[in-house]
Asks: 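Structure in structure tokens, see below.
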Amino acid sequence: MLNRRLFLQGSLATAALGAFGGLTGCAASLQKQTAPPSRLFISAVDNTDGAHLIAGIDSAGKTRFQLPVSDRCHGGCAHPGQQQAVVFARRPGRHFYVIDTDSGKIHKTVEAGPEYHFYGHGVFSTDGRYLYVTVNHFTSGDGFIRVYDAGNDYQVVDNFAVDGIGPHELRLHPDGDTLIIALGGIKTHPDYDRIKLNLDTMKPALLLMDRHSGRINQRYTPSHHQLSCRHLDVSPEGVVIAGYQYQGPEWETPPLIARLDTRNGEFSEIALPSDLQASLNNYTASIAISPNAPHAAITAPRGHQVVMINYLTGALIRTAEVHDVAGALPDDQDGFIVSSGQGGVFHVTPQSDAISALGHYRFHWDNHLTLAS
């Protein structure tokens with residue numbers, strides 16, 4: 001249930017939704033409108049019975065589809081040239097699902113294959129020909145970027161070694177040729193569900209990989225070996241914001257946000273005020289960067305916070321309190337849409353403390369939102 005403050009602020013939703021008309025990039029709205037819906041966003045969800053689903057919500061706030069799937073899913077990506085989106089099973093899941101966003105049906109289910117599982121994320125090349133997916137060869141523990149030919153019914157064409165364990169989220173650099181990869185460093189095995197098997201020997205990193213050859217061009221290392229680098233986004237200028245999940249003692253509060261400027265190779269970690277840093281409970285989830293302003297949002301579900309920073313300077317702008325906050329997407333101005341594991345969807349902005357409640361659904365949102373046209 002929404003708390004009283006958010007319930008009252010829900011009356012602001014009509015005004016706030018005006019900021020979401022004609023959204024582009026990775027933005028979406030729950031706008032109440034009479035025109036045919038033009039935007040769709042997709043997320044992995046669980047319903048109130050605990051069943052795993054992929055849900056699609058249109059820009060009028062209507063649930064377009066709820067597709068039952070065998071795995072609990074995580075992140076997704078939209079095909080840049082077709083009415084398709086791909087949603088990936090959460091580690092250690094063994095499927096990804098190609099959704100026909102026009103019909104709202106599963107077009108194809110792709111298996112990871114013997115001795116492999118997915119980590120929940122992927123990204124298309126700019127032309128949509130290739131899909132790059134993070135995978136684990138669980139018998140060896142080695143991580144790979146698997147390349148699928150989307151133009152040939154998602155056939156496997158290559159596996160690029162990342163020289164490490166646990167590649168998680170990846171994005172395509174604005175140059176169109178470089179993959180930016182968050183390497184978590186955590187070894188898992190499907191026989192042991194999500195148990196972390198190597199916390200003492202983790203080697204997380206942030207990688208830059210040539211998507212054509214698989215060559216790793218740069219490797220950046222967090223300040224502590226238990227700072228698992230998990231999620232990221234990249235700005236139009238090539239500035240990367242990455243989020244950590246700390247696997248060390250809970251009473252320690254190391255930085256959880258990294259910044260990489262790929263224009264000059266400058267890598268740093270952002271220290272937040274000590275009370276805010278402690279309140280995040282050593283865990284970040286979704287990262288979203290605005291294409292229209294130097295703003296980034298980092299969700300912290302265990303701390304019930306959305307942290308908004310200036311990605312060019314690393315300066316803290318403000319925070320917004322959203323219980324069990326999950327996914328994040330930029331709107332078409334300079335704010336963000338965020339979901340909650342409790343079913344709510346909200347609008348937050350760097351300019352104001354106001355939090356607009358845009359809708360509430362009878363399912364639990366996972367940590368990522370994907371826009372599909």
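Small disclaimer: the values here were computed from a predicted structure and weren't measured. Quick note: residue numbers are just sequence positions, from 1.
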Asks: Would you say Asn152's side chain and Gln155's backbone share a donor-acceptor pair under 3.5 angstrom?
Replies: no

Asks: Supply the members, apart from Phe138, of the Ile/Leu/Val/Met/Phe/Trp/Tyr cluster built from side-chain contacts under 4.5 Å; use none for a lone residue.
Replies: none

Asks: Identify the heavy atoms of Pro273 and Leu316 that sit nearest to each other, and give their distance.
Replies: CD-CD2, 3.9 Å

Asks: Can any side-chain N or O of Asn292 pair as donor or acceptor with the backbone N or O of Asp332 at less than 3.5 Å?
Replies: yes

Asks: Aromatic ring centroids of His231 and His74 under 6.0 Å?
Replies: yes

Asks: Is there a path from Tyr119 to Leu179 through hydrophobic residues (I, L, V, M, F, W, Y) whose side chains come within less than 4.5 Å of each other?
Replies: no

Asks: Within the 3.5 Å criterion, strictly below it, is a donor on Asp71 or His52 matched to an acceptor on the partner's side chain?
Replies: no

Asks: State, with a plain yes or no, whether a side-chain heavy atom of Cys73 is found less than 4.5 Å away from one of Tyr97.
Replies: yes

Asks: Kindly indicate whether the side chain of Val325, heavy atoms from C-beta on, has any atom under 4.5 Å from the side chain of His304.
Replies: no

Asks: Any chain of hydrophobic side-chain contacts (each under 4.5 Å) joining Val157 to Val135?
Replies: no

Asks: Work out which heavy atom in Ala205 is nearest to a heavy atom in Cys229; give both atom names and the distance.
Replies: O-CB, 3.6 Å

Asks: Just wondering, do Thr319 and Leu276 contact through their side chains at under 4.5 Å, heavy atoms?
Replies: yes

Asks: Does Ala328 offer a backbone N or O that forms a donor-acceptor pair with the side chain of Ser286 under 3.5 Å?
Replies: yes

Asks: Return the OH to CD1 distance between Tyr311 and Ile317, rounded to the nearest 0.5 Å.
Replies: 10.5 Å

Asks: Examine the side chains of Tyr283 and Thr299 and answer whether a donor and an acceptor come within less than 3.5 Å of each other.
Replies: no

Asks: Side chains of His347 and Asp331: any donor to acceptor distance under 3.5 Å?
Replies: yes

Asks: Compare every heavy atom of Gln82 with every heavy atom of His79, then report the nearest pair and how far apart it is.
Replies: ND1-N, 3.2 Å

Asks: Would you say the ring centroid of His117 lies under 6.0 angstrom from that of His137?
Replies: no

Asks: Less than 4.5 Å apart, side chain to side chain, heavy atoms only: is that true for Ile145 and Val162?
Replies: yes

Asks: Side chains of Gln351 and Asp334: any donor to acceptor distance under 3.5 Å?
Replies: yes

Asks: How far does CD1 of Ile165 sit from CG of Asp142, to the nearest 0.5 angstrom?
Replies: 7.0 Å

Asks: What residues, two or more places apart in sequence or in another chain, satisfy side-chain contact (heavy atoms from CB on, under 4.5 Å) together with Thr201?
Replies: Asn198

Asks: For Phe160, is the NZ or CZ atom of Arg146 found under 6.0 angstrom from the centre of its six-membered ring and inside 45 degrees of the ring axis?
Replies: no

Asks: Working note: Ser228 + Gln245, criterion side-chain hydrogen bond (donor to acceptor under 3.5 Å, both in side chains); need CA distance, chi angles, decisive distance, verdict.
Replies: CA-CA 5 Å; Ser228 181; Gln245 296 174 4; 5.5 Å; no

Asks: Between Ser340 and Gln342, do the side chains contain an N or O donor and an N or O acceptor separated by less than 3.5 Å?
Replies: no

Asks: Of all heavy-atom pairs between Arg211 and Ser125, which one has the smallest distance, and what is that distance?
Replies: NH1-CB, 3.6 Å

Asks: Could you tell me whether Arg302 and Asp324 make a salt bridge, using a distance below 4.0 angstrom between a side-chain N and a carboxylate O?
Replies: no

Asks: Are a donor atom and an acceptor atom from the side chains of His173 and Thr262 found within less than 3.5 Å of each other?
Replies: yes

Asks: Counting distance only, does the side-chain N/O of Thr101 pair as donor-acceptor with the main-chain N or O of Gln83 below 3.5 Å?
Replies: yes

Asks: For Phe88 and Val133: C-alpha separation, side-chain torsions, deciding distance, then whether side chain to side chain contact (heavy atoms under 4.5 Å, CB included) applies.
Replies: CA-CA 9 Å; Phe88 304 89; Val133 183; 3.6 Å; yes

Asks: Pro254: which residues meet the side-chain contact (heavy atoms from CB on, under 4.5 Å) condition with it, sequence neighbours left out?
Replies: Leu227, Tyr246, Glu252, Asn282

Asks: Could you tell me whether the side chain of Asp58 and the main chain of Arg64 form a donor-acceptor pair under 3.5 Å?
Replies: no

Asks: Going by heavy atoms in the side chains, are Pro174 and Pro236 under 4.5 Å from each other?
Replies: no

Asks: Do Arg362 and Asn47 come within less than 4.5 Å of each other through their side chains, counting heavy atoms only?
Replies: no

Asks: Kindly give the heavy-atom pair with the smallest separation between Ser43 and His368, and that separation in Å.
Replies: OG-O, 3.0 Å

Asks: Quick one: does any side-chain atom of Asp275 pair with a main-chain N or O of Ala278 as donor and acceptor, under 3.5 Å?
Replies: no

Asks: Salt bridge or not between Arg215 and Asp210? Use side-chain N to carboxylate O under 4.0 Å.
Replies: yes

Asks: Side-chain heavy atoms nearer than 4.5 Å, only ILVMFWY residues, links allowed to pass through others: does that put Tyr244 and Ile180 together?
Replies: yes

Asks: Transitive ILVMFWY cluster of Ile186 at side-chain heavy atoms under 4.5 Å: who else is in it?
Replies: Leu199, Met202

Asks: May I have the step-by-step check of side chain to side chain contact (heavy atoms under 4.5 Å, CB included) for Leu206 and Leu260, ending in yes or no?
Replies: CA-CA 9 Å; Leu206 184 63; Leu260 169 64; 3.8 Å; yes

Asks: Do Tyr116 and Arg94 meet the criterion of a side-chain donor-acceptor pair at a distance under 3.5 Å?
Replies: no

Asks: Any sub-3.5 Å donor-acceptor pair from Asp49's side-chain atoms to Ala51's backbone N or O?
Replies: no

Asks: Looking at residues at least two apart in the chain, or sitting in another chain, which of them share a ring pair (Phe, Tyr, Trp, His ring centres under 6.0 Å) with Phe118?
Replies: Phe96

Asks: Does the pair His168 and Thr134 meet the rule for a side chain to side chain contact (heavy atoms under 4.5 Å, CB included), with working shown?
Replies: CA-CA 6 Å; His168 199 73; Thr134 50; 5.6 Å; no

Asks: In sequence, state the C-alpha distance, the side-chain angles, and the governing distance for Phe336 and Ser290, and then conclude on side chain to side chain contact (heavy atoms under 4.5 Å, CB included).
Replies: CA-CA 8 Å; Phe336 300 92; Ser290 172; 4.3 Å; yes

Asks: I need the Leu369 CG to Ile42 CD1 distance, nearest 0.5 Å.
Replies: 10.5 Å

Asks: List in chain and number order the residues that pass ring pair (Phe, Tyr, Trp, His ring centres under 6.0 Å) with Phe363, two or more places apart in sequence or in another chain; answer none if no residue qualifies.
Replies: Tyr361, Trp365

Asks: To the nearest 0.5 Å, how far apart are CD1 in Ile54 and OG1 in Thr370?
Replies: 10.0 Å

Asks: Taking Val234 as the starting point, is it possible to reach Ile298 by hopping between hydrophobic residues whose side chains are less than 4.5 Å apart?
Replies: yes

Asks: Would you say the side-chain atoms of Glu169 pair up with the backbone N or O of His121, donor to acceptor, closer than 3.5 Å?
Replies: no

Asks: Hey, are Arg129 and Asp127 close enough for a salt bridge, meaning a charged N less than 4.0 Å from a carboxylate O?
Replies: no

Asks: With a 4.5 Å heavy-atom cut-off, do Asp366 and Val45 have their side chains touching?
Replies: no

Asks: Any donor-acceptor pair under 3.5 Å linking the side-chain atoms of Thr253 with those of Gln277?
Replies: no

Asks: Please report the shortest heavy-atom distance between Pro301 and Asn367, naming the atom on each side.
Replies: CG-OD1, 4.1 Å

Asks: Any link between Leu232 and Val307 through a network of hydrophobic side chains (Ile, Leu, Val, Met, Phe, Trp, Tyr) touching at under 4.5 Å?
Replies: yes

Asks: Quiz question: by atom type and distance under 3.5 Å, do the side chains of Tyr154 and Gln84 form a donor-acceptor pair?
Replies: yes

Asks: Are any of the side-chain heavy atoms of Thr126 and Leu172 separated by less than 4.5 Å?
Replies: yes

Asks: Any donor and acceptor pair, going by atom type alone, linking the side chain of Ser352 with main-chain N or O of Ala354 inside 3.5 Å?
Replies: yes

